[in-house]
Peer 1: 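Let me give you the structure first, and then I'll get to my questions.
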2 protein chains.
Amino acid sequence: MSTTTPARRPGGRSAKVRDAVYTAVGQLMGEGKADRITIPLVANRAGVNPTSIYRRWGDLDTLLEEVAVAALTKDGDELPDTGSLRGDLSAWARIVVDDITQPRRTRYLRAMTSARDEVHTCPCWEQRRTQAKVMLDRARARGERAPTEQQVLDHVIAPMYHHVVFGLSVDREYAGQLVHDVLAMA
Amino acid sequence: MSTTTPARRPGGRSAKVRDAVYTAVGQLMGEGKADRITIPLVANRAGVNPTSIYRRWGDLDTLLEEVAVAALTKDGDELPDTGSLRGDLSAWARIVVDDITQPRRTRYLRAMTSARDEVHTCPCWEQRRTQAKVMLDRARARGERAPTEQQVLDHVIAPMYHHVVFGLSVDREYAGQLVHDVLAMA
DNA sequence: CAATTAAAGCGAAGATCATTGCTTTAGTTG
DNA sequence: CAACTAAAGCAATGATCTTCGCTTTAATTG
């Protein structure tokens with residue numbers, strides 16, 4: 001949550017409010033109240049005046065999307081480096097599964113699907129693409145046959161997110177199967 | 001919309017209200033007001049008392065989910081039969097793309113991701129699975145090598161739905177690529 | 001066709017949310 | 001450090017949603 005300098009007056013006050021609001025949303029999401037969330041509720045939890053939220057974010061969807069993106073791109077995970085593409089992708093897929101199946105993450109993902117109207121690339125996928133690229137480049141450098149980044153996104157990442165978002169079951173075994181499949185098409 | 005005998009009193013009246021509500025939701029969805037939808041709004045459009053909706057469905061999410069499922073499983077599409085698996089899957093993928101990229105369908109899909117809590121199989125995917133099975137069985141009967149149903153769902157259907165739901169671009173060319181990929185892993 | 005009873009309609013009361021003008025606080029700038 | 005001003009706090013208002021008790025309609029049953 002490192003002060004990301006939003007605009008005009010980055011000084012302590014705005015940042016403080018923003019952080020308080022972000023964490024309030026995070027808490028409420030974590031408490032399973034993903035649906036029942038409202039602006040006054042968030043404001044109250046954050047110890048902030050509702051008006052401030054209305055003025056800064058306009059509506060709930062905008063706020064939720066912002067928080068969701070911030071939460072979902074907070075990288076963190078070390079990329080695996082096992083020496084083989086299969087090993088790397090398998091480990092990575094497990095990491096991703098473990099990540100997105102956490103209830104709070106799942107809610108964030110679902111929240112992201114709500115407000116969205118026009119086509120716009122989300123930082124989340126770009127991050128995944130970058131991660132994939134690192135592993136694929138390493139594999140190619142070793143002389144391994146490797147699928148394209150797009151294929152990894154389409155056939156490993158997308159199905160997992162799809163399952164999560166639509167409430168279908170996802171586990172590490174499923175992730176492993178997807179990796180197996182994508183390697184078969186290389 | 002053929003009277004699906006909901007419960008106790010299937011007679012004309014309940015059915016009439018349900019249909020009116022369903023079409024009202026459909027209209028509002030079609031008008032791009034997917035977000036701004038509220039129960040009183042739906043009730044008004046349907047010429048029905050809001051109380052009736054509150055009593056029958058409880059909250060908006062429940063109603064939306066019900067309508068979404070009903071709308072998304074209203075089959076219709078003829079399954080292609082081109083003589084080759086590649087031809088069948090390609091044509092089918094185009095049909096699916098054309099279907100789910102319609103604004104209204106997209107909104108239904110997103111609505112489906114909202115209310116969902118526990119893991120429960122949605123008729124939508126079962127329908128797609130059945131469709132896939134038909135084409136795959138035909139292919140195998142012809143002696144073609146074919147991927148599994150699960151692979152078709154994971155690597156053709158899932159990525160397309162994923163793209164649609166998250167507002168990424170999807171078109172027939174993309175669909176074609178997915179089919180190409182899945183056949184490569186057979 | 002009369003009795004029964006789900007389910008819809010109606011209206012009012014209460015709660016919650018969203019908006020707006022004004023005031024106060026506290027970064028920023030010279 | 002004083003003037004300036006972006007952004008937050010506050011309070012009142014109007015709009016909207018939600019719930020509840022009661023009445024009315026009409027599908028079902030004998």
Side-chain angles (χ1 to χ4, degrees), chain A residues 1-29 31-67 70 111 114-115, chain B residues 1-29 31-67 70 111 114-115:
Chain A
M1 217 155 288
S2 54
T3 318
T4 331
T5 310
R8 303 269 187 81
R9 192 162 271 198
R13 208 186 186 194
S14 289
K16 210 164 183 175
V17 170
R18 193 189 57 247
D19 287 354
V21 170
Y22 273 36
T23 47
V25 170
Q27 286 177 11
L28 292 169
M29 286 292 219
E31 293 166 17
K33 302 175 181 172
D35 295 354
R36 306 298 177 202
I37 286 187
T38 66
I39 287 186
L41 189 64
V42 172
N44 181 55
R45 174 69 65 98
V48 159
N49 197 293
T51 313
S52 304
I53 299 184
Y54 283 116
R55 288 230 237 279
R56 260 173 82 158
W57 286 278
D59 58 34
L60 188 66
D61 285 335
T62 305
L63 171 60
L64 282 186
E65 157 128 12
E66 194 177 301
V67 178
S114 301
Chain B
M1 217 153 285
S2 55
T3 318
T4 331
T5 310
R8 305 269 186 80
R9 194 162 270 200
R13 207 186 186 194
S14 289
K16 211 166 184 175
V17 170
R18 193 188 59 246
D19 288 354
V21 170
Y22 273 35
T23 46
V25 170
Q27 287 177 9
L28 292 170
M29 286 292 219
E31 294 166 16
K33 301 175 183 171
D35 295 353
R36 306 300 177 201
I37 287 186
T38 65
I39 288 185
L41 188 65
V42 172
N44 182 55
R45 175 68 65 98
V48 158
N49 196 292
T51 311
S52 305
I53 299 185
Y54 282 116
R55 289 237 232 291
R56 259 175 80 159
W57 285 279
D59 59 35
L60 188 66
D61 285 334
T62 306
L63 170 60
L64 282 186
E65 156 127 12
E66 192 177 304
V67 178
S114 301

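In what follows, chains carry the letters A, B, and so on, assigned in the order in which the sequence lines appear, proteins first and then strands, with residues in each chain numbered from 1.
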Peer 1: If I take atom CG in residue A/D59 and atom C1' in nucleotide C/dT19, what distance separates them, rounded to the nearest angstrom?
Peer 2: 14 Å

Peer 1: How long is the line joining CD1 of B/I53 and C1' of C/dG9, in whole Å?
Peer 2: 13 Å

Peer 1: Are B/T38 and B/L41 packed together at the side-chain level, in the sense that at least one heavy-atom pair is separated by less than 4.5 angstrom?
Peer 2: yes

Peer 1: Can you tell me which nucleotide in C/dA7, D/dG9, C/dG9 comes closest to the side chain of B/V48?
Peer 2: C/dG9

Peer 1: How many Å lie between CD1 on B/I39 and P on C/dT16, as a whole number?
Peer 2: 17 Å

Peer 1: Rounding to a whole Å, what distance do you find between A/L63:CG and C/dC17:C1'?
Peer 2: 15 Å

Peer 1: Atom CZ of B/R56 to atom C1' of C/dG9: distance rounded to whole Å?
Peer 2: 14 Å

Peer 1: Verify the contact: side-chain N or O of A/S14 to OP1 or OP2 of D/dA7, cut-off strictly under 4.0 Å; return yes or no.
Peer 2: no

Peer 1: Looking at every non-hydrogen atom in both residues, tell me the closest pair between B/A20 and B/A46 and how far apart they are.
Peer 2: O-CB, 3.5 Å

Peer 1: Atom NZ of A/K16 to atom P of C/dT25: distance rounded to whole Å?
Peer 2: 15 Å

Peer 1: Among C/dA8, C/dC17, D/dG9, find the nucleotide with the atom closest to the side chain of A/T38.
Peer 2: C/dC17

Peer 1: Going through the distances and angles, do B/I37 and B/M29 end up as a side-chain contact (heavy atoms from CB on, under 4.5 Å)?
Peer 2: CA-CA 8 Å; B/I37 287 186; B/M29 286 292 219; 4.1 Å; yes

Peer 1: Name the closest nucleotide to the A/R13 side chain, picking from C/dA7, D/dA8, D/dC17.
Peer 2: D/dA8

Peer 1: If only side-chain N and O atoms of A/Y54 are considered, is one of them under 4.0 Å from the OP1 or OP2 phosphate oxygen of C/dT19?
Peer 2: no

Peer 1: So which protein N/O to nucleotides 11-14 of chain C N/O distances come out below 3.5 Å?
Peer 2:
from, atom 1, to, atom 2, distance (Å)
C/dG11, O6, B/T51, OG1, 3.4

Peer 1: Can you tell me whether the side chain of B/R55 and the base of D/dG21 have a donor-acceptor pair closer than 3.5 Å?
Peer 2: yes

Peer 1: Rounded to whole angstrom units, what separation is found between the CG atom of A/L60 and the P atom of D/dT16?
Peer 2: 19 Å

Peer 1: Assess whether a salt bridge exists between A/R36 and B/D59, defined as any Lys/Arg side-chain N lying under 4.0 Å from an Asp/Glu carboxylate O.
Peer 2: yes

Peer 1: Rounding to an integer number of Å, can you tell me how far B/R18 CZ sits from C/dA8 P?
Peer 2: 10 Å

Peer 1: Sub-3.5 Å donor-acceptor pair from the side chain of B/R56 to the main-chain atoms of B/S14, do we have one?
Peer 2: yes

Peer 1: Can you give me the closest heavy-atom contact between A/T62 and A/W57, atom names plus distance?
Peer 2: CB-O, 3.3 Å

Peer 1: Does A/R45 pair with A/E31 as a salt bridge, N-O distance under 4.0 Å?
Peer 2: yes

